[in-house]
Amino acid sequence: MKKWFKFLLIAIIALVVAIALGFLFVVHIPYSDNVARLNRIRDDIVAANQYEYNGYFNEYQGDDLYYILEIVENDENFYVVINDENQLVAKRPSNPIDTEQVLGEFREEYGFEASKIEVGYENSTMVYALKYVGEEELIYAYYNINTGVLIKAYIL
């Protein structure tokens, strides 16, 4: 009887270790690698353009891939949009309308709280990109960052 108990205990411990290692290799390491990759890209953009980074960085995948940073230049905050070839695509003062206004309009229009909001770049326009993930719906909505006007939305 003791042999079976020891065997069962060893099997349970081995299973827990295997699950932990599986999580590590399938989830944690790829996530950490992606965070490190994005940090390198951000640091390269900041160094190449001699920007003073102000805490906001986003990899934005619209029709094309863009990197959006908030920088300080001459004591003013700006959003800059950089393409994947490290070229400046757009630059605008980072004094957009309040995100609460856009979140309120999204809630009013669709009846849900947005689960994610980020600064994006769509159709040569700086936007707030909002996302809602529900049990039966997926909503993407894009609002002009200056006016708060809805530009386009997708309901899937």
Where is the tightest heavy-atom contact between F78 and E73, given as atom of each residue plus distance? CE1-O, 3.7 Å
Any side-chain heavy atom of D64 within less than 4.5 Å of one from D84? no
Are the side chains of E118 and Y56 in touch, meaning some heavy atoms are under 4.5 Å apart? yes
Give a yes or no on whether the backbone of E76 and the side-chain of N74 come within a donor-acceptor separation of less than 3.5 Å. no
Relative to the ring of Y60, is the ring of Y142 parallel (under 30°), tilted (30 to 60°) or perpendicular (over 60°)? perpendicular
Determine the minimum heavy-atom distance between D63 and E122, stating which atoms define it. N-OE2, 4.3 Å
Look at the side-chain heavy atoms of Ile, Leu, Val, Met, Phe, Trp and Tyr, link any pair under 4.5 Å apart, and say whether V102 and Y79 land in one connected group. yes
Worked verdict on D43 versus Y53 for side-chain contact (heavy atoms from CB on, under 4.5 Å): CA-CA 9 Å; D43 293 344; Y53 176 61; over 6 Å; no
Could you tell me if the side chain of N146 sits less than 4.5 Å from the side chain of M126, heavy atoms only? no
Do L88 and V80 come close enough that some side-chain heavy atom pair is under 4.5 Å? yes
Quick check for you: to the nearest 0.5 Å, what is the distance between I117 atom CD1 and E100 atom CD? 8.5 Å
Indicate, with yes or no, if I155 and Y143 share a hydrophobic cluster defined by side-chain heavy-atom contacts under 4.5 Å among Ile, Leu, Val, Met, Phe, Trp and Tyr. yes
Restricting to non-hydrogen atoms, name the atom on A114 and the atom on L130 that form the minimum distance, rounded to 0.1 Å. CB-CD2, 3.8 Å
With side chains defined as the heavy atoms from C-beta onward, is the minimum distance between L69 and I45 less than 4.5 Å? yes
Less than 4.5 Å apart, side chain to side chain, heavy atoms only: is that true for E105 and L150? no
Check the pair Y110, E137 against side-chain contact (heavy atoms from CB on, under 4.5 Å), reporting the backbone distance first and the verdict last. CA-CA 11 Å; Y110 302 106; E137 286 183 295; over 6 Å; no
Could you check N77 against V72 for side-chain contact (heavy atoms from CB on, under 4.5 Å), going step by step and ending with a plain yes or no? CA-CA 5 Å; N77 293 348; V72 177; 3.3 Å; yes
Minimum side-chain heavy-atom gap F106-I139 below 4.5 Å: yes
Give a yes or no on whether L156 and V133 share a hydrophobic cluster (residues Ile, Leu, Val, Met, Phe, Trp, Tyr; joining criterion: side-chain heavy atoms under 4.5 Å apart). yes
Closest non-hydrogen atom pair between N83 and Y66, with its separation: CA-CD2, 4.1 Å
So if you build clusters from Ile, Leu, Val, Met, Phe, Trp, Tyr with side-chain heavy-atom gaps below 4.5 Å, do V81 and F57 land together? no
Test applied, salt bridge (charged side-chain N to carboxylate O under 4.0 Å, His left out); reference residue, E59; option that passes from R42, R37, R40: R37
Rounded to the nearest 0.5 Å, how far apart are CG of L38 and CG of N34? 4.5 Å
Greater than 12 external heavy atoms within 6.0 Å of Q61's CD: yes
I need the N49 CG to I82 CD1 distance, nearest 0.5 Å. 5.0 Å
Could you go step by step and tell me if D44 and N86 meet the side-chain contact (heavy atoms from CB on, under 4.5 Å) rule? CA-CA 9 Å; D44 290 347; N86 202 18; 5.9 Å; no
Closest non-hydrogen atom pair, Y121 against I68: N-CD1, 4.1 Å
Connected via hydrophobic side-chain network under 4.5 Å: I41 and L65: yes
Close side-chain approach of Y132 and L138, heavy atoms under 4.5 Å: no
To check you understand the geometry: which heavy-atom pair defines the closest contact between V119 and Y128, and what is its length? CG2-CE2, 4.2 Å
